[in-house]
Trainee: 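Can you read through this structure? Questions will come right after.
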Amino acid sequence: MAQDNLRRYMWLVNTIYRAGRITFAQINRRWVECPLSGGNPMPLRTFHNYRTAIAANFDINICCYKPRNEYYIENSDDLASNDVASWLLNSFAVSNIAFENREIRDRIILEHIPSAQRHLDPILQALREERIIRITYNAFDRDEAHTVEVKPYFVKCYERRWYLFAPSVDDNVVKAYGLDRILELELTDRRFVYPKDFSPTDHLIGAIGISNYPDTPPRHIVIKCTELQRRYLEALPLHPSQRVEEQGEEYSLISFWLAPTNEFYRRILSHREHMEIVSPPEVRSEFAAILDRMLQPYYEEWS
């Protein structure tokens, strides 16, 4: 798919989504003002071709309300739960802001995601064609790189890094590979069968980020936080299972169903003294042990 066409598709989806309902004449007036148009109106035939392409590529249906000839996004409320559609819209909104405000681009600071620049496209091709790929991977915890053949199941973007989730051809253990740690990548001619009963969402159902360990199962965890932190969590939930159990003027109790991995503890630590693990006891004790190990260098300094 050409980059220019992708930008046009996303412009059209974004314009209709933001308007709610909009006529073709109104779309065209906005299109002419868009730098992508070159000042030229969009032919009706081109508009319908774009609608077809958007439906085929992104599963986003642009429908027409015949009585008023207004166009709208079918099930637009569901876009928030469609990770790919939401990511595309958000990415377009950010890139379009930068594109249309080039005269002040030195005052628009965006996060850099280096892992998407080199290997993401061939990995997505391998996902589509269900092809085995050979990667040379240098993990952070290894001194030397190793080469492995894997079956690409899915990818996820998390904290400015793209990850490939894939089992090797020798086992069925799905592991996460950071794309920025892949030194070399080769698409092989060999195919694999993506299991029909596998779900990326289910695979990470109890995880925060990418951490998923068989020996650390999900459990019911309750945290206590200040009113300000509760507001932060409501705006940007820690996990889909997040629920407010008790809300008070000074503090709230919030529960989760997730695995207490290193990533979970790191997230709790980021809230400093404003957040406390209440239960279960073993998770509270483990967090206390982490805090104690963190304080050891300071204890030695103070003694």
Side-chain angles (χ1 to χ4, degrees), residues 14 17-18 76-83 85-98 101 104 107-113 156-163 176 201 204-213 216-299 301-302:
N14 189 56
Y17 179 70
R18 291 171 62 185
S76 60
D77 292 341
D78 294 339
L79 284 183
S81 61
N82 183 331
D83 290 344
S86 295
W87 178 71
L88 285 169
L89 286 172
N90 291 334
S91 297
F92 174 80
V94 172
S95 63
N96 200 48
I97 288 171
N101 295 277
I104 56 169
R107 287 187 275 164
I108 302 174
I109 301 176
L110 304 176
E111 285 194 322
H112 181 50
I113 306 181
K156 178 177 181 177
C157 185
Y158 177 67
E159 291 196 337
R160 298 176 55 212
R161 298 183 76 202
W162 277 98
Y163 294 88
T201 302
L204 295 175
I205 191 66
I208 290 180
I210 64 163
S211 303
N212 188 355
Y213 308 113
T216 309
R219 65 203 72 182
H220 184 256
I221 298 175
V222 178
I223 61 105
K224 178 181 177 181
C225 65
T226 63
E227 177 63 11
L228 181 60
Q229 300 310 108
R230 181 191 62 77
R231 294 176 186 175
Y232 277 120
L233 289 178
E234 284 188 345
L236 193 63
L238 188 66
H239 189 264
S241 65
Q242 177 176 305
R243 298 289 184 274
V244 176
E245 299 287 344
E246 181 182 324
Q247 184 175 338
E249 294 184 0
E250 297 183 359
Y251 71 88
S252 294
L253 297 178
I254 301 178
S255 68
F256 306 90
W257 177 260
L258 51 76
T261 61
N262 288 335
E263 180 61 21
F264 165 73
Y265 292 125
R266 187 169 70 85
R267 288 293 196 91
I268 299 299
L269 279 168
S270 70
H271 292 273
R272 297 174 41 190
E273 71 274 16
H274 308 295
M275 191 170 289
E276 172 191 349
I277 297 175
V278 176
S279 66
E282 70 273 13
V283 176
R284 181 179 172 89
S285 296
E286 175 60 25
F287 188 59
I290 292 172
L291 294 174
D292 187 62
R293 290 193 294 271
M294 290 177 62
L295 287 171
Q296 282 303 319
Y298 302 96
Y299 287 149
E301 182 178 307
W302 296 332

Trainee: Can you tell me how far the NE2 atom of His220 sits from the OG atom of Ser241, to the nearest 0.5 Å?
Mentor: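 Reported value, rounded in 0.5 Å steps: 8.5 Å.
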
Trainee: Nearest heavy-atom pair of His239 and Trp257: which atoms, and what distance?
Mentor: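 So the two residues come closest at CE1-O, 3.4 Å.
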
Trainee: Please indicate whether Arg293 has more than 12 foreign heavy atoms, meaning atoms of other residues, nucleotides or ligands, lying under 6.0 Å from its CZ.
Mentor: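 Enclosed.
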
Trainee: With the side chain counted from C-beta on, respond yes when Phe264 and Val283 share a heavy-atom pair under 4.5 Å apart, and no when they do not.
Mentor: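 SC-SC contact between Phe264 and Val283 confirmed.
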
Trainee: Between the side chain of Arg284 and the main-chain N/O of Ile277, is any donor-acceptor distance below 3.5 Å?
Mentor: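 Flag set: sc Arg284 to bb Ile277 pair under 3.5 Å.
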
Trainee: If you take all heavy atoms of Gly248 and Ser252, which pair is closest and at what distance?
Mentor: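 So the two residues come closest at N-OG, 3.8 Å.
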
Trainee: Should Arg161 and Ile210 count as side-chain neighbours, where that means a heavy-atom distance under 4.5 Å?
Mentor: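 When only atoms from C-beta onward are counted, Ile210 and Arg161 do not touch, as no gap falls below 4.5 Å.
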
Trainee: What distance do Ile290 atom CD1 and Leu295 atom CG have between them, rounded to the nearest 0.5 Å?
Mentor: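 The distance works out to 12.0 Å.
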
Trainee: Is the number of heavy atoms from other residues, nucleotides or ligands under 6.0 Å of Glu273 CD greater than 12?
Mentor: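 Atom CD in Glu273 is crowded, with more than 12 foreign heavy atoms closer than 6.0 Å.
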
Trainee: Going through the checks in order, is the side-chain contact (heavy atoms from CB on, under 4.5 Å) test met by Leu238 and Ile254?
Mentor: CA-CA 10 Å; Leu238 188 66; Ile254 301 178; over 6 Å; no

Trainee: Does Tyr265 OH have over 12 foreign heavy atoms under 6.0 Å away?
Mentor: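 Yes - once you tally the heavy atoms of other residues, nucleotides and ligands closer than 6.0 Å, there are more than 12.
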
Trainee: Could you pull out the closest heavy-atom pair between Tyr251 and Glu246, with the gap in Å?
Mentor: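 Result for this residue pair: OH-OE2, 3.9 Å.
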
Trainee: Consider only side-chain N and O atoms of Gln229 and His271, and report whether a donor and an acceptor are under 3.5 Å apart.
Mentor: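 Judged by distance alone, the side chains do pair up.
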
Trainee: So, for Gly206 and Pro218, which heavy atoms are closest and what is the spacing to 0.1 Å?
Mentor: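 Taking Gly206 first and Pro218 second, the nearest heavy atoms are CA-CG, 3.9 Å.
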
Trainee: Does Arg18 have more than 12 heavy atoms from other residues, nucleotides or ligands lying within 6.0 Å of its CZ?
Mentor: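 At most 12 heavy atoms, drawn from other residues, nucleotides or ligands, come within 6.0 Å of this atom.
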
Trainee: I'd like to know if the side chain of Ser285 reaches the main chain of Glu282, judged simply by a donor and an acceptor atom lying under 3.5 Å from each other, with no hydrogens or angles considered.
Mentor: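 No: the side chain of Ser285 does not pair with the backbone of Glu282.
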
Trainee: Tell me, with the steps shown, if Ile208 and Tyr158 meet side-chain contact (heavy atoms from CB on, under 4.5 Å).
Mentor: CA-CA 10 Å; Ile208 290 180; Tyr158 177 67; 4.0 Å; yes

Trainee: Looking only at non-hydrogen atoms, find the nearest pair between Val278 and Lys224 and report the distance.
Mentor: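 Val278 and Lys224 have their closest heavy atoms at CG2-CB, 3.6 Å.
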
Trainee: Would you compute the distance between atom CD of Gln242 and atom CD1 of Ile223 and round it to the nearest 0.5 angstrom?
Mentor: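 These two atoms lie 7.5 Å from each other.
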
Trainee: Do Pro280 and Ile221 make a side-chain contact, defined as non-hydrogen atoms from C-beta onward lying under 4.5 Å apart?
Mentor: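 Yes, at least one pair of side-chain atoms sits under 4.5 Å.
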
Trainee: If you measure from the Lys or Arg side-chain nitrogens to the Asp or Glu carboxylate oxygens, is any gap between Arg231 and Glu234 under 4.0 Å?
Mentor: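 A salt bridge is absent here (no side-chain N lies under 4.0 Å from a carboxylate O).
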
Trainee: Any Lys/Arg nitrogen of Glu245 or Arg230 sitting under 4.0 Å from an Asp/Glu carboxylate oxygen of the other?
Mentor: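 Result for this pair is no, no salt bridge flagged.
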
